[in-house]
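The chains referred to below are lettered A, B, ... by the order of the sequence lines, with proteins before strands, and numbering in each begins at 1. Both backbone and side-chain heavy atoms feed into the values below; hydrogens, waters and symmetry mates do not. Just so it is clear, the structure is predicted and the values come from calculations on it, not from any experiment.
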Number of protein chains: 2
Amino acid sequence: MTTSIKTRVLDRIDLAILDALQRNGRISNVNLAKEVNLSPSPCLDRVKKLESEGYIEGYTARLNAAKLGQHLVAHVEITLKSSTEAVFEVFKQHIVKIPNVVSCDMVAGGFDYLVKIRVQDMRQYREVLGQIVEIPGVGTNHTYMVIEHVKEDMGVEVLNYQ
Amino acid sequence: MTTSIKTRVLDRIDLAILDALQRNGRISNVNLAKEVNLSPSPCLDRVKKLESEGYIEGYTARLNAAKLGQHLVAHVEITLKSSTEAVFEVFKQHIVKIPNVVSCDMVAGGFDYLVKIRVQDMRQYREVLGQIVEIPGVGTNHTYMVIEHVKEDMGVEVLNYQ
DNA sequence: AAATAAAACAGCATATTCTGCTGTCTTTTC
DNA sequence: GAAAAGACAGCAGAATATGCTGTTTTATTT
């Protein structure tokens with residue numbers, strides 16, 4: 001269930017590969033090899049190894065949500081009625097199934113979960129919020145509508161190399 | 001500065017391509033064509049068009065942050081001392097430059113910005129929080145440390161097709 | 001310090017893929 | 001109903017992927 005915790009020391013070439021693939025996940029192996037000053041074969045070996053060891057979890061096309069009709073993002077703070085493990089479990093099982101839920105983090109502090117949702121419009125926001133508050137055990141909720149995206153990186157800092 | 005707002009009706013093949021590339025950004029064009037029941041040439045044409053029209057913004061390798069030493073994620077709510085455009089502008093210019101800031105959304109509601117940061121440990125958290133609160137105009141802040149990642153999708157729902 | 005073992009590398013060769021071009025068929029427009 | 005535009009499959013040359021081999025470098029052991 002849990003992923004491997006095994007770790008090894010990545011040298012600067014590995015880090016350069018990760019950085020390059022994070023910036024352009026569809027770069028050809030030949031060009032990637034040039035970028036990290038390696039010939040194609042060992043470069044491919046390293047990429048395969050980084051994939052199999054779990055440093056690289058996959059590759060994704062970044063899509064423009066607004067052009068696909070998803071115009072609104074909201075952050076919803078959820079507090080559960082009780083803090084028992086059973087209630088947490090029920091909430092998790094339901095929340096992951098809602099397709100408009102982009103992310104859901106359990107947090108320490110004034111509430112229990114911070115849920116990020118992406119919806120087409122206010123009508124769909126109400127619909128999704130309805131689905132969330134109807135999950136058994138959900139107490140209070142508070143929504144913060146996103147007015148402006150200032151930064152959206154989703155990348156992992158890898159720049160200890162050079 | 002702003003991206004094109006032009007939009008067109010995407011047919012089910014375009015949507016299938018977007019869905020496939022979101023799930024596997026490094027799939028070969030030949031296999032992508034098989035997946036959407038097309039021959040390679042028109043499939044490549046469609047991908048190029050989706051890229052040039054901005055539906056696809058880029059391709060990214062998803063990296064395992066924990067294996068790269070980034071073990072903590074925190075959500076920080078920021079309230080500015082005043083709500084003038086000049087103060088907003090200064091805040092934005094500073095916050096985007098902090099590499100540990102993964103995302104930053106201006107929100108409507110009880111505070112002004114919701115900032116997501118990714119750090120190695122508590123020591124670095126304090127360091128990054130220090131950088132944030134020293135941005136001119138920053139008033140109060142409140143941090144919610146992430147205890148558990150329940151869902152992390154980052155994808156856009158594209159499944160209106162077949 | 002020398003010998004051995006292990007790891008990383010470049011180069012090569014074949015299989016696969018990319019990608020521009022052409023002609024055909026379908027759909028749209030006038 | 002004719003013309004134009006768009007979408008498609010197939011083809012071919014160029015580029016890339018990828019397994020294999022031998023060499024060099026690095027690490028380990030004696």
| message | Expressed as a whole number of angstroms, how long is the span from B:R8:CZ to D:dG6:P? | response | 12 Å
| task | Kindly write out the residues that satisfy salt bridge (charged side-chain N to carboxylate O under 4.0 Å, His left out) with B:D105, not counting sequence neighbours, or none if the list is empty. | result | none
| said: Between B:Y59 and A:Y59, is the ring centroid distance below 6.0 Å? | reply: no
| request: Using the test side chain to side chain donor-acceptor pair (under 3.5 Å), find all partners of B:Q93 that sit at least two apart in sequence or belong to another chain. | output: none
| request: Please name all residues satisfying side chain to side chain donor-acceptor pair (under 3.5 Å) with A:K151, sequence neighbours left out, ordered by chain then number. | output: none
| Length of the line joining B:D45:CG and C:dC18:P, which is rounded to integer Å | 13 Å
| field | From B:Q131 atom CD to B:K97 atom NZ, the distance as rounded to the nearest 0.5 Å | value | 12.0 Å
| field | Test log, rule salt bridge (charged side-chain N to carboxylate O under 4.0 Å, His left out), inputs B:E53 and A:K67 | value | CA-CA 10 Å; B:E53 289 176 340; A:K67 295 199 69 156; over 6 Å; no
| remark: Hits for ring pair (Phe, Tyr, Trp, His ring centres under 6.0 Å) against A:H142, two or more places apart or cross-chain, chain-then-number order -> A:Y144
| task | Enumerate the residues from residues 28-42 of chain A whose closest heavy atom to DNA chain D is under 4.0 Å, giving them by residue number; use none for an empty result. | result | A:S28, A:N29, A:V30, A:P40, A:S41
| task | Provide, to the nearest angstrom, the distance between the CG atom belonging to B:L44 and the P atom belonging to D:dC8. | result | 13 Å
| Interatomic distance where CZ belongs to A:R12 and C1' belongs to C:dA8 [whole Å] | 16 Å
| said: For a quick test of reading the model, state the closest non-hydrogen atom pair linking A:G110 to A:T79 and the distance between them. | reply: O-OG1, 4.2 Å
| message | Taking the nucleotide of DNA chain C with the nearest heavy atom to each, does A:K49 or A:R26 sit closer to the 5' end? | response | A:K49
| Within this structure, what is the NZ-to-P distance between A:K48 and D:dA17, rounded to whole angstrom? | 10 Å
| remark: Terminal axes of the helix from C:dA1-D:dT30 to C:dC30-D:dG1 (5 end pairs apiece), angle rounded to 10 degrees, sit apart by 50°
